[in-house]
Amino acid sequence: MFYESTRGNYQPLPSAGAIKLGIAPDGGLFVPTEKVTFSMADISAMAGLGYQDRAAKILQSFLTDFTGEELARCINGAYNEISFDHPDVAPLVDLDEGLSVLELWHGPTCAFKDMALQILPHFLVQSMGKTGEDAGILILVATSGDTGKAALEGFKDVPRTAIVVFYPEEGVSEVQRLQMVTQEGKNVGVVAVRGNFDDTQSGVKEIFGDPGMAETALKYGYKFSSANSINWGRLVPQIVYYFSAYADLLKRGRLKVGEPVNFVVPTGNFGNILAGFYARQMGLPVNRLICAANDNNVLTDFIRTGIYDRNRAFKRTISPSMDILISSNLERLLFELTGHDAPRVRQWMADLKEHGRYEVDSTTRDMIQELFWSDFASDEETLVSIKQNYNQYKYVVDTHTAVGLHVYRKYRESTGDKFLTIVLSTASPFKFNASVTRALLGEDNTNDKDEFALLQMLADFSDLPVPPGLRALDRRPVRHKVVVDRDNMREAVIDFLRAGDCN
Ligand SMILES: *Cc1c(COP(=O)(O)O)cnc(C)c1O
């Protein structure tokens with residue numbers, strides 16, 4: 001299997017090469033050149049397997065240049081009982097006859113990013129060996145909160161890698177910030193940027209595209225790579241849990257083989273839901289992929305109209321990991337739906353860069369509307385959703401999952417579709433405890449408390465333990481204090497290399 005760039009100006013590479021580079025040098029994203037298909041027999045056989053073996057089947061079909069033994073090493077290094085606090089890794093919780101929730105937050109940082117970022121460093125180390133790479137890999141990450149910590153945890157002290165994470169100074173929760181600035185490890189850097197997530201992400205993209213920066217890094221023995229969701233090595237492990245959820249439903253007798261399901265995905269950068277698209281393309285019986293957005297509802301508008309327009313005010317919401325106006329992974333979907341038409345994708349991306357807007361042709365729009373459905377939740381609706389789900393199911397969800405559950409209800413009401421639906425739960429409620437406790441216990445009982453008091457209140461209220469990654473965060477030493485302007489991100493990387501923290 002080879003991987004080609006969505007912009008069409010780079011030679012196809014085996015997966016090890018694509019994973020090592022992260023982003024294609026022509027500015028595009030790597031996608032598989034061929035389709036992978038699973039038969040219904042393959043899918044039902046997964047019902048009898050554990051998460052690790054399900055992962056092996058899916059990953060082997062895409063990463064064909066990895067041996068079974070290499071993949072097993074990656075899988076066992078990532079999805080083990082030390083890193084994940086649930087034996088199913090991604091457990092499926094049935095709430096009622098038509099609704100299940102797929103919990104993707106049992107990893108070390110309590111958010112779904114762990115599903116990919118626990119395994120990506122293992123893929124990278126293997127890929128470096130396979131491509132005969134002498135240089136070390138320097139990972140640069142732009143994060144709206146969850147990716148940063150998950151990447152730091154995944155890469156800390158992994159030999160021949162180093163990582164610098166940039167986060168928007170005002171764009172992350174206090175718990176998210178403390179998780180990052182207290183990060184331990186010899187090869188890690190964390191930098192706050194004065195700006196929002198899109199500023200931070202475009203700053204990182206510029207560094208990746210700057211030959212001078214590449215030259216500087218190489219002087220210190222490093223080549224850049226990306227752990228953002230544009231790296232194929234992050235996307236492919238996410239395909240696994242769509243199959244795994246379906247296999248669990250078969251195993252429980254909640255579905256007949258071949259019966260379609262819907263997935264609702266709280267969406268930001270379009271990485272998670274794109275993995276669902278690939279799962280469907282591979283033969284998983286998926287009826288609709290439901291894209292749940294918050295007030296930054298660019299994607300809802302796009303799915304409804306075929307017009308992608310980022311020219312609007314950026315809003316800070318209580319589901320900050322979805323506060324995104326440029327969803328990078330959408331480019332992969334467009335490439336797939338146009339039958340790998342790189343010139344067309346290039347034009348749309350040029351329009352986006354120049355005018356902040358593009359409009360797809362009606363054929364592409366119709367295909368999108370057949371596969372996807374979308375709506376969004378305001379902050380107010382998100383809080384109501386948390387309370388309502390607790391009242392109805394005694395089930396506590398975080399703000400992002402609450403957006404998903406709100407949109408799930410909207411979908412049922414407006415379409416009458418009766419297929420079993422799986423809502424992807426993308427974070428532990430403890431990670432966004434300030435909003436969750438406000439929704440459950442009321443403004444009056446919570447507004448004078450700090451996030452750490454609220455963690456305990458949530459534990460008491462829900463009878464769930466505070467996850468280990470969030471305990472005693474406020475008492476750990478702060479190890480990373482650098483704050484820079486958007487235009488000084490390059491210097492921050494050079495300072496990191498010069499300090500030799502990474503060696
Ligand atoms: C990253 C994230 C999302 C958005 O996922 P994308 O793949 O960027 O669409 C949603 N919820 C949480 C909690 C996240 O961390």
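Whatever order the structure lists ligands and atoms in, that order sets their numbers, starting from 1. All residue numbers refer to positions in the sequence shown, counting from 1.
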Can you tell me how the ring of F208 sits relative to the ring of F224, calling it parallel under 30°, perpendicular over 60° and tilted otherwise? perpendicular
Is any side-chain heavy atom of D114 less than 4.5 Å from a side-chain heavy atom of D146? no
Would you please name every residue forming a side-chain contact (heavy atoms from CB on, under 4.5 Å) with T182, sequence neighbours left out? L473, R476
Check the orientation of F62 and Y278. Use parallel for under 30°, tilted for 30 to 60°, and perpendicular for over 60°. perpendicular
Looking at E451 and R177, is any side-chain nitrogen of the basic one under 4.0 Å from a carboxylate oxygen of the acidic one? no
Test side-chain hydrogen bond (donor to acceptor under 3.5 Å, both in side chains) on W105 and S425 and set out the steps. CA-CA 7 Å; W105 42 260; S425 176; 2.8 Å; yes
Within the 4.0 Å heavy-atom sphere of ligand 1, strictly under, residues: F112, K113, D146, P266, T267, G268, N269, F270, G271, N272, S321, M322, H400, T426, A427
